[in-house]
2 protein chains.
Amino acid sequence: MENKLPTITEIARRLNISASTVSRALHNHSSIGLRTKMRVQELAKELNYEPNQTAIFFQQRKTFTIGVVLPELSEAFFSAAISGIEDCAYKNKYTVLMGQSHDSEEKEKQIIETMKSHRVDGLLVSIANKTNNYDHFESLKRYNIPVVFFDRIPDMPDIHYVACNLISGTIQAINFLIKKGHRVIGMLNGPEKLAASKEREEGYIQAMKKNRLKFDPTLVVNCDLSTDKVYAATEHLLKLKRKPTAIVVFNDYVALDAVQYARRQKLRINKDICFVSYANLPISHYTAFPPMASVEQFPYLQGQKATETLLELLSNKDSGQEGTNTYYKIILESQLVIKENNIADQVL
Amino acid sequence: MENKLPTITEIARRLNISASTVSRALHNHSSIGLRTKMRVQELAKELNYEPNQTAIFFQQRKTFTIGVVLPELSEAFFSAAISGIEDCAYKNKYTVLMGQSHDSEEKEKQIIETMKSHRVDGLLVSIANKTNNYDHFESLKRYNIPVVFFDRIPDMPDIHYVACNLISGTIQAINFLIKKGHRVIGMLNGPEKLAASKEREEGYIQAMKKNRLKFDPTLVVNCDLSTDKVYAATEHLLKLKRKPTAIVVFNDYVALDAVQYARRQKLRINKDICFVSYANLPISHYTAFPPMASVEQFPYLQGQKATETLLELLSNKDSGQEGTNTYYKIILESQLVIKENNIADQVL
DNA sequence: TAGCGATGTGCAAACGATTGCGCCGGTTTG
DNA sequence: CAAACCGGCGCAATCGTTTGCACATCGCTA
């Protein structure tokens, strides 16, 4: 119980040498004689000595901790991403501090504040849906805490980020639909501000152009991703004069809602109306009417790359080359995954 | 850039007073004159002073950080639980260090090691599936780091834990099925070692007894929860001479596989065979053939309670009453949730 | 024999904040 | 008028570790 944890000073006292010698001995410093080294290391092992990290953190102005701020762990994308982050971090002796914004800007600010005060070495952030104001990120720069954004990237200059290029995946998706005979294709897109939304639209436009189809802007609707808004957006698309026969939806979750709405309207999924979406979640495998295809965004890989990038920034910082004004912009390519015949097919 | 962060000493220097006065002024200590207090607080605000937590952690031998070790964030149960943990922690100015064991004992050990070395104040743990050896937890006791287990509880004496009693929920489930007219009810249970499996079986037995039905042990099968094994177990149950008309399944994920298997056998779900399971996941709402009902285990609440418990242990520790040999064993009641008409119903 | 380079150690400062104790000057009290 | 008291503040130690520098000892060379 009252086993005070052994310290370097304690070891020094017992061996009648100085703390500095002990410290150096434990680090295998070359200037310490072999005999002393051995004696120190032996006693350290015997006493079960473990360095007091809090002291070291303090002294070195470094915590070997990275903060991760993301919207929602219950979304499969993020839980996969955090696995990538964690694996990479632990491999490099870093530790992961977690915070969910639940898509609230307020919460996001708080978390960032807390993490800043806990002196994390760096941050990995996927911003909240509704975040409009980026001051809390700007302030981090002044504190010299590097940030790498992933997946949900704010519209700011001079930032590091890792993202998945959705243009290619979107083009693949549209091509797929066109090949299936669709000509009027709707897009149920996310908030306009998100880079991810812009890319989807961009891909949509490019694909239409490449296929020599006219781009009809009324076929693209933006909405935040709440169920109600998704219903409304789906309704809007389905009531257009030029009614789409297929819809590309922001992601698999949203697609579930959109499908739900369509079914309430007595539409036959995959006959009257087809859906393609993003994320390629495993659950949609079990789902009643999964999208016909889904664009994989490689969350684990994104998490991993983002972490690697951050760690590199940190090691540059340590070696003193702070001011390098280069910004990492890492882009992975997305990829369309066409679903096998699903459960629903078997029903019919 | 080279804006060295302001420290208490810096403030003291500028004001020509001592650091101790500054510290006390910032803490509104009663022995500091109003004038000085104001001057200090003003300058602090002006310089954007923020206390260096690492220094405080070090000095106070406390990190205001709790470690969370759990098997798999991609499981909805755990991502919900961690939300409860996080919310509670942040409310109390604590911060959350995360680690996933991915159900590996080795990984679990490593994470605990890392967290110990990072000097977390306490731990919240849901153990890995395959963990047989609990030495790494025993060792924490010696370091005086309190642990509260949740959901997946190891079979050890003298531990704190929060869990959900599945007996009541199971009884409700069986009663529900019996009321629907089922008489031969199977149970597809998890690994025998898990307390959670034992409880399910116990509930099953009790419910049968209460309904004056004979308990037939052959109707209960255990298996680890891989898809293959689930298929096999389902097959086993469906091939019994006394073939069940309903099966109670370990959880919703497993139920998805069991359903899948049954459908491959051309059985009509909810007609030839009914399923009831545990977890009450939102996804099953969108699923082709969700279980008719599911036992809710309140993960968010479990996370919250576990965190509260841990925080209480920590505050007891601070106030010096270490040795109290009482162990918290908090049990929540589970509850059967009967699903509304689902998508599949609408199909038929 | 003086000087020199290794080699092995210790001293002390530094990181930033907290806190017990003591000091100083002024006011109250007996 | 001296004693006691108190508000307001500073000194210095402390937490555990790292690290630049100085120092001591020894053997070797010039």
Side-chain angles (χ1 to χ4, degrees), chain A residues 2-41 43-44 47-64 93 116-119 121 143-144 318 320, chain B residues 2-41 43-44 47-64 93 116-119 121 143-144 318 320:
Chain A
E2 302 325 328
N3 258 347
K4 280 292 180 195
L5 295 186
T7 69
I8 273 196
T9 332
E10 171 67 11
I11 297 184
R13 204 183 51 71
R14 296 209 192 195
L15 256 35
N16 262 322
I17 57 183
S18 79
S20 34
T21 304
V22 175
S23 170
R24 282 188 262 253
L26 291 173
H27 287 84
N28 252 316
H29 195 284
S30 63
S31 80
I32 300 295
L34 195 58
R35 261 198 70 72
T36 347
K37 243 182 220 173
M38 298 291 280
R39 292 206 309 145
V40 169
Q41 292 180 357
L43 184 58
L47 295 183
N48 252 313
Y49 168 77
E50 291 181 45
N52 182 335
Q53 296 287 1
T54 62
I56 299 177
F57 295 159
F58 169 50
Q59 208 265 51
Q60 317 246 307
R61 284 167 215 72
K62 195 163 182 228
T63 58
F64 285 95
K93 308 277 181 199
K116 193 171 73 185
S117 90
H118 270 248
R119 295 284 204 270
D121 292 337
Y143 286 87
N144 206 11
D318 286 349
Chain B
E2 303 323 329
N3 258 345
K4 280 293 180 195
L5 294 186
T7 69
I8 272 195
T9 331
E10 171 66 11
I11 296 184
R13 203 182 52 71
R14 296 209 191 195
L15 256 36
N16 263 321
I17 56 183
S18 80
S20 34
T21 304
V22 175
S23 171
R24 280 188 262 251
L26 290 173
H27 286 84
N28 251 316
H29 195 284
S30 61
S31 81
I32 300 295
L34 195 58
R35 260 197 72 73
T36 347
K37 242 182 220 174
M38 299 289 281
R39 294 206 307 148
V40 169
Q41 292 179 359
L43 185 58
L47 295 183
N48 254 312
Y49 168 76
E50 291 181 44
N52 182 335
Q53 295 288 0
T54 61
I56 298 179
F57 295 159
F58 169 49
Q59 206 260 21
Q60 318 245 306
R61 285 165 216 72
K62 195 163 182 233
T63 57
F64 284 95
K93 309 277 180 197
K116 193 171 74 184
S117 91
H118 270 248
R119 294 283 206 269
D121 292 336
Y143 286 86
N144 206 11
D318 286 350

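Keep in mind the model is a prediction, meaning the values are calculated, not measured. Within every chain, numbering begins at 1; the chains are lettered A, B, ... in the order of the sequence lines, protein sequences first and strands thereafter.
- Within 4.0 Å (heavy atoms only), B/Phe57 reaches no atom of the nucleic acid at all.
- Following rounding to the nearest Å, A/Ile8 (CD1) and D/dT19 (C1') show an atom-to-atom distance of 12 Å.
- Side chains of B/Gln53 and B/Ile56 form a contact here, defined as non-hydrogen atoms less than 4.5 Å apart.
- Comparing D/dC9, D/dT18, D/dT17 by their nearest atom to the side chain of A/Tyr49 picks out D/dT17.
- With hydrogens and angles disregarded, a donor-acceptor distance shorter than 3.5 Å links the side chain of A/His29 to the backbone of A/Ser31.
- Using a 4.5 Å cut-off on side-chain heavy atoms (C-beta onward), B/Leu43 and B/Tyr49 make no contact.
- When ring centroids are compared, A/His118 and B/Phe57 come within the 6.0 Å threshold.
- Closest approach of B/Ser18 to B/Ala12, counting heavy atoms only: C-CB, 3.7 Å.
- With rounding to the nearest 0.5 Å, the separation of CG in A/Asn52 from CZ in A/Phe58 is 11.5 Å.
- At a threshold of 4.0 angstrom between heavy atoms, the contacts of B/Thr36 are confined to the sugar-phosphate backbone, with no base atom among them.
- Between B/Lys37 atom NZ and D/dG8 atom C1' there is a gap of 11 Å when expressed in whole angstrom units.
- Contact check for B/Val40 versus B/Ile32: no side-chain heavy atoms found under the 4.5 Å cut-off.
- Taking atom CG on A/Leu26 and atom P on D/dT18, their separation rounds to 8 Å, with Å as the unit.
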Check against side-chain contact (heavy atoms from CB on, under 4.5 Å), A/Leu5 and B/Arg61: CA-CA 12 Å; A/Leu5 295 186; B/Arg61 285 165 216 72; over 6 Å; no
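- Note on the helix from C/dT1-D/dA30 to C/dG30-D/dC1: angle between the axes of the first and last five pairs equals 70°, rounded to 10 degrees.
- For DNA chain C, the outermost nucleotides in 5' to 3' order that have an atom under 4.0 Å from a heavy atom of chain A are C/dG8 to C/dG16.
- Proximity of B/Val22 to B/Leu15: side-chain heavy atoms (C-beta onward) are nowhere separated by under 4.5 Å.
- Annotation for A/Arg39 and A/Ile17: closest pair NH2-CG2, 4.2 Å, computed over non-hydrogen atoms.
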Distances under 3.5 Å between protein N/O atoms and the N/O atoms of nucleotides 11-15 of chain D, please, pair by pair.
residue : atom : partner : partner atom : Å
D/dC11  : N4   : B/Ser20 : OG           : 2.8
D/dC15  : O4'  : B/Arg61 : NH2          : 3.4

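- Between the CZ atom of B/Arg13 and the P atom of D/dG10 there is a distance of 15 Å, given to the nearest Å.
- Contact annotation: the side chain of B/Asn28 approaches that of B/Gln41 to within less than 4.5 Å [non-hydrogen atoms, C-beta and beyond].
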